[in-house]
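Both ligands and their constituent atoms are indexed starting at 1 by order of listing.
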Amino acid sequence: MPAKAWAKIEMTIVAAAEPVVRPRLAATHSAAPCYASWQEAMKDAVREPDELCRLLELPAEFAVAARDPSRQFPLFAPRGFLARMRPGDPDDPLLRQVLPLTSELDEVPGFVADPVDDAAAARLPGLLQKHQGRALLVTTGACAVHCRYCFRRHFPYAEAPRSIDAWRPALDEIADDESIHEIILSGGDPLTIVDSVLEQLVEELAAIPHLRRLRVHTRLPIMIPERVNDNLISLLTNARLTPIVVIHANHANELDSSVAEALAKLSAAAIPLLNQAVLLRGINATVDAQMALCERLIDLRVMPYYLHQLDRVVGAAHFEVPTDVGRRIIQRLRARLPGYAIPRYVQEVPGKPSKSIIE
Ligand code: SF4
């Protein structure tokens, strides 16, 4: 996303923010802060490299190095996520997902702004269709975290609709196309939308007779588990559409007890839970890391769904893992885990009718 667009989203969040009262927050990074609402956790997220490095006891050089890349794609990390990181460890697998590095500024052949060709899949602004029977709504550009490897880090979110009125043309288009049976709410992160608006959107979708399923792709239950509140559960389960929630965790350390509690609420509401991860150099590209992630997910009743090969987006080349390495990891997982605990290792190839499985 262009820096200007991110700045606009940041401004939206900040503009909506009341001054955050912090007496409940931990003085150090190590205890997870306690917030009255998920919105408060969003407003209180760490946005400055200096603060990130201070909280995590990292040398100041990391903050200095983070300044230029964070101008292109701002740092944004909730404090609850920081609390799961090891202080003083620049290689912490959670920190690596959010810490801007100068490697992001490298120009690497083959890495482009729109690696999955979202532009070609756009039926209307904010409505994408890549696969038969399913369509995707880019509901917002806001996220609960800025993942440095994000394939939509250059997406033109400013052009996507952001209100029921603005979504109307997309809703009409979906209503006119009886071949669409499933809607994917994506973004950005659709769970950054307040419940009242989300509920309206879900009701509008549920009123379209040929739609059967509502899939929500989100990192909120991981980043800000407080987001999984009773309202959210009700709006997902009361609608006519079958809900499916796809979370996005890359490492077992992300899945602490607060996340477990949030996932248990979704699971208790009989909402199918799937996880997608991205294979990331320096973060989870080992058999042990993938084993730990898959087993923890299964313990939390989340099916490991996809392990994605990195989408080759500008700024993320340093995260890429060769597919041979990915294949070997999957082979070793097969020898150590039951089949249901092994994700499909996939790659999105623009123009293909489905994700391509890397065998
Ligand atoms: S939460 Fe998803 S959309 Fe948002 S920055 Fe991370 S990967 Fe990208």
Side-chain angles (χ1 to χ4, degrees), residues 1-3 5-10 12-13 38 41-42 45-47 52 69-70 72-78 80-82 84 93-101 104 111-116 118 121 126 128 130 136-160 162 184-193 215-225 227-228 245-251 254-255 259 262 274-280 283-284 305-316 318-320 346-348 355:
M1 176 188 322
W6 277 112
K8 196 167 169 193
I9 289 156
E10 287 276 291
T12 312
I13 294 167
W38 63 270
M42 285 282 286
V46 172
R47 294 165 166 84
L52 178 72
S70 66
Q72 292 198 358
F73 182 41
L75 164 70
F76 191 94
F81 191 59
L82 264 49
R84 298 169 222 160
L94 276 51
L95 174 71
R96 292 293 310 275
Q97 297 182 45
V98 300
L99 178 68
L101 298 178
E104 293 177 31
F111 284 74
V112 296
D114 180 8
V116 295
D118 276 341
L128 311 184
K130 294 181 182 173
L136 182 150
L137 274 178
V138 178
T139 51
T140 172
C143 290
V145 62
H146 288 178
C147 313
R148 307 313 300 176
Y149 54 83
C150 178
F151 73 97
R152 289 211 176 111
R153 53 182 284 168
H154 306 285
F155 190 88
Y157 285 110
E159 293 164 18
R162 304 213 192 146
I184 300 163
L185 300 187
S186 182
D189 196 314
L191 295 192
T192 57
I193 299 173
R215 195 186 334 160
V216 178
H217 280 235
T218 178
R219 281 207 99 182
L220 254 298
I222 310 291
M223 293 297 146
I224 303 178
R227 178 65 184 96
V228 183
V245 171
V246 183
I247 60 165
H248 175 172
N250 297 311
H251 195 279
E254 294 173 43
L255 303 167
V259 176
L274 307 172
N275 183 66
Q276 55 178 2
V278 181
L279 187 62
L280 297 163
I283 293 175
N284 62 9
Y305 170 43
Y306 279 149
L307 176 63
H308 278 270
Q309 180 65 12
L310 180 84
D311 294 315
R312 306 188 93 201
V313 67
V314 172
H318 55 293
F319 286 118
E320 192 173 49
V346 294
Q347 183 162 32
E348 181 154 348
K355 301 248 161 118

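For R152, the closest heavy-atom approach to ligand 1 does not fall below 4.0 Å. Ligand 1 is approached by V145 to a heavy-atom distance shorter than 4.0 Å.
S186 and R152 are linked by a side-chain donor-acceptor pair at a separation below 3.5 angstrom, with hydrogens and angles left out of the test. No side-chain donor-acceptor contact under 3.5 Å links H251 and Q97.
A262 pairs by the side chain to side chain contact (heavy atoms under 4.5 Å, CB included) definition with P225, V228, not counting sequence neighbours. Taking the ring-ring contact (aromatic ring centres under 6.0 Å, His included) definition, one finds that Y306 meets it with H308, sequence neighbours left out.
Taking backbone and side chain together, C150 holds no N, O or S atom under 2.8 Å from atom 4 (Fe) of ligand 1.
Each of the atoms 1 (S) of ligand 1 lies under 4.0 Å from some heavy atom of R219. Less than 4.0 angstrom separates some heavy atom of C143 from each of these atoms of ligand 1: 1 (S), 3 (S), 4 (Fe), 5 (S).
Nearest heavy atoms, L185 versus T139: CD2-CG2, 4.0 Å.
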